[in-house]
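Shown next, in structure tokens, is the structure this report addresses.
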Amino acid sequence: MKYSNRNKAILLLADGTVFHGKSIGIEGTVFGEVCFNTGMTGYQEIFTDPSYFGQIMVASNAHIGNYGTNEEEVEADRIMISGLVCKNFSFNHSRVNSTEGLKEYFEKQNLVAISDVDTRALVSYIRDNGAMNAAISTDGTSVEDLKKQLAEVPNMDGLELSSKVSTTEPYFVGNPDAKYKISALDLGIKKNILRNLVKRDCYIKVFPYNSTYEDLRSFNPDGYFLSNGPGDPAPLVVAQETAKKILENNEPVFGICLGHQVLALANGISTYKMFNGHRGINHPVRNMITGEGEITSQNHGFAVVREELEKHPDFEITHEHVNDGTVAGMRMKNKNCFSVQYHPEASPGPHDASYLFDQFIENIQKAKN
């Protein structure tokens, strides 16, 4: 390994705080909401997760890139994060089935990344001061110029982003002769969600984020799925109306992450932007029905207002986040509907919650009978 000089780089937070680091070799300036992920592995899945669109990712794990990349381990067809901040970036990788190094992977999509940042101090700062917009620059742009540009970047609160990541045309996944047909609303869907449904003998038609109930119903599905995705759920008015009509007809529906929030809003239950979101693969959740604990994969910056959910006569909380008591899951007492705030497809992450896909199939079977 030869030594090479690397350009200085900076991370500027919206409150004016500056963290210094080095460029990995891709020049540019990017903007987004800064957030951190506590996962010790699965960085490629994280970088390609549509739920992270518009965000600058801080990796709390000290080593990023050490096992390279594999073209099969993606959650979307492109990188979704705005930029990466890490401590140690590995230019060399060691893994039997890696396709290429992480730098080469970033170069193909011009993803700006900086390393040699004190990420422990940065994560601590974000935890104390909350999520905020930020800029990372590797091209020598002055701090004063960055401040001016950063001031023009819209806040995540109130920002609709599903339109940036959703499919523009419907497409099919799975075996046309499968036992079950699912209409999936793509708010930023992950590939491993579709894999989990296919594994359970489902044939899925994936629809754009702004599809109506009539669009989804035209597939004559056995059940409906509302996917994860980025941004604020409140502006997704069409998705909320679609969810309302599914519920009016009492058809089986399962929501994950953003889809979970859309179902709440469709029933008059508010959502809010969290001071800091949940992002990682070690989040503890308590199943309120069984009393059992689950270790879960999570990536969200908005949540359902618990007090409003508890007062709603048609809902009950099925899961709660152990650390802060936020709503992690809910179901309707009078409809064939349930949802969770976390990611049972676990890519990356533990598989404690994969039973939720089985529960969805069981709900469909009951409806068919």
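Note that this is a predicted model, so its numbers are computed, not measured.
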key: Side-chain heavy atoms of Gln298 within contact of Val285, under 4.5 Å   = yes
Glu320 with Arg286: basic N within carboxylate O range, under 4.0 Å = yes
Tyr180/Tyr203 aromatic ring centres below 6.0 Å = no
query = Rounded to the nearest 0.5 Å, how far apart are CE of Met274 and CG of Asp157?
reply = 13.0 Å
key: Lys147: which of Asp145, Val143, Leu150 passes side chain to side chain contact (heavy atoms under 4.5 Å, CB included)   = Val143
query = In this structure, which one of Lys103, Lys22, His63 forms a side chain to side chain contact (heavy atoms under 4.5 Å, CB included) with Phe89?
reply = Lys103
ask   = So, do Ile114 and Leu84 sit near enough that their side-chain heavy atoms are less than 4.5 Å apart?
value = no
Heavy-atom side-chain contact between Asn133 and Asn155 under 4.5 Å = yes
query = Given the side-chain rings of Tyr355 and Phe357, with only the six-membered ring counted for Trp, is the space between their centroids under 6.0 Å?
reply = no
request  = Determine, for Glu45 against Lys190, whether the closest basic-nitrogen to carboxylate-oxygen distance falls under 4.0 angstrom.
outcome  = no
task = Is it possible for you to say whether Leu146 and Val30 belong to one hydrophobic cluster, with membership spreading through side-chain heavy-atom contacts below 4.5 Å?
result = no
remark   = Exactly one of Phe219, Tyr171, Tyr224 clears side chain to side chain contact (heavy atoms under 4.5 Å, CB included) with Phe207, and that residue is Phe219
ask   = Given the rule that I, L, V, M, F, W and Y join up when any side-chain heavy atoms are under 4.5 Å apart, are Val304 and Val253 in one cluster?
value = yes
query = Which distance, rounded to the nearest 0.5 Å, do you find between the CG of Leu263 and the OG1 of Thr271?
reply = 12.0 Å
task = Taking atom CZ of Arg120 as the centre, report whether more than 12 heavy atoms of other residues, nucleotides or ligands fall under 6.0 Å from it.
result = no
message = Between His93 and Asn66, is there a side-chain heavy-atom distance shorter than 4.5 Å?
response = no
query = Ion pair present between Asp118 and Lys87, side-chain N to carboxylate O less than 4.0 angstrom?
reply = no
query = Backbone N or O of Asn88 within a donor-acceptor pair of the Ser115 side chain at under 3.5 Å?
reply = no
query = Side chain of Asp352, backbone of Ile295: donor and acceptor closer than 3.5 Å?
reply = yes
message = Is it the case that the ring center of Phe302 lies less than 6.0 angstrom away from the ring center of Tyr272?
response = no
key: Lys/Arg-Asp/Glu bridge criterion (N-O < 4.0 Å) met for Arg6, Asp116   = yes
task = Kindly check if the number of other-residue, nucleotide or ligand heavy atoms within 6.0 Å of CG (Asn323) is above 12?
result = yes
query = Looking at Glu316 and Lys335, does any basic side-chain N land under 4.0 Å from a carboxylate oxygen?
reply = no
task = Answer yes or no: is there a side-chain heavy-atom contact under 4.5 Å between Tyr209 and Glu160?
result = yes
query = About how many Å separate CG of Leu197 and CD1 of Ile193, when rounded to the nearest 0.5 Å?
reply = 8.0 Å
key: Sub-4.5 Å side-chain heavy-atom contact between Met132 and Val34   = yes
task = Is it possible for you to say whether Val198 and Ile189 belong to one hydrophobic cluster, with membership spreading through side-chain heavy-atom contacts below 4.5 Å?
result = yes
message = Minimum heavy-atom separation for His260 and Met330, please, with both atom names.
response = O-CE, 3.4 Å
task = Before accepting this row, confirm whether a basic side-chain N of the pair Glu307/Lys311 lies closer than 4.0 Å to the acidic partner's carboxylate O.
result = no
task = Determine whether Ile81 and Ile24 fall in the same hydrophobic cluster, where Ile, Leu, Val, Met, Phe, Trp and Tyr are linked whenever their side-chain heavy atoms lie under 4.5 Å apart.
result = yes
ask   = What distance separates Arg217 CZ from Thr242 OG1, expressed to the nearest 0.5 Å?
value = 13.5 Å
query = Does one hydrophobic cluster hold both Tyr342 and Ile317, with members joined at side-chain heavy-atom distances below 4.5 Å?
reply = no
query = Should Lys191 and Glu72 count as an ion pair when the cut-off is N to O under 4.0 Å?
reply = no
Side-chain H-bond candidate by donor/acceptor type, Asn228 with Ser51, under 3.5 Å = yes
Positive for side chain to side chain contact (heavy atoms under 4.5 Å, CB included) with Phe36, one of Thr119, Val58, Ile56 = Val58
task = Using a 4.5 Å cut-off on heavy atoms from C-beta on, say whether the side chain of Pro344 contacts that of Ile256.
result = yes
key: Cationic N near anionic O, under 4.0 Å, Lys366 to Glu362   = no
ask   = Do the ring planes of His300 and His278 sit parallel (below 30°), tilted (30 to 60°) or perpendicular (above 60°)?
value = perpendicular
message = For the CG atom of Asn210 and the OG atom of Ser166, what is their distance to the nearest 0.5 Å?
response = 7.0 Å
query = Between Asn336 and Asn250, is there a donor-acceptor pair closer than 3.5 Å when you use the side chain of the first and the backbone of the second?
reply = no
message = Just so I know, are the side chains of Val74 and Tyr105 near enough to count as touching, which here means a heavy-atom distance under 4.5 Å?
response = yes
message = If you take the centroid of each ring, where Trp contributes its six-membered ring, are Phe47 and Phe106 closer together than 6.0 Å?
response = yes
key: Side-chain ion pair, Glu100 and Lys108, N-O less than 4.0 Å   = yes
query = In Å and rounded to the nearest 0.5 Å, what is the OG1 to CD1 distance from Thr141 to Ile136?
reply = 12.0 Å
query = Less than 4.0 Å between a side-chain N and a carboxylate O, is that true for Arg200 and Asp358?
reply = yes
query = Which of these, Glu241, Lys244, Glu251, Lys245, sits in a side-chain hydrogen bond (donor to acceptor under 3.5 Å, both in side chains) with Tyr213?
reply = Glu251
Any side-chain donor near an acceptor of the partner, Thr99 and Glu71, under 3.5 Å = no
request  = May I ask you to establish whether Lys333 and Phe315 are in a cation-pi arrangement, using a distance under 6.0 Å from NZ or CZ to the six-membered ring centre and at most 45° from the ring axis?
outcome  = no
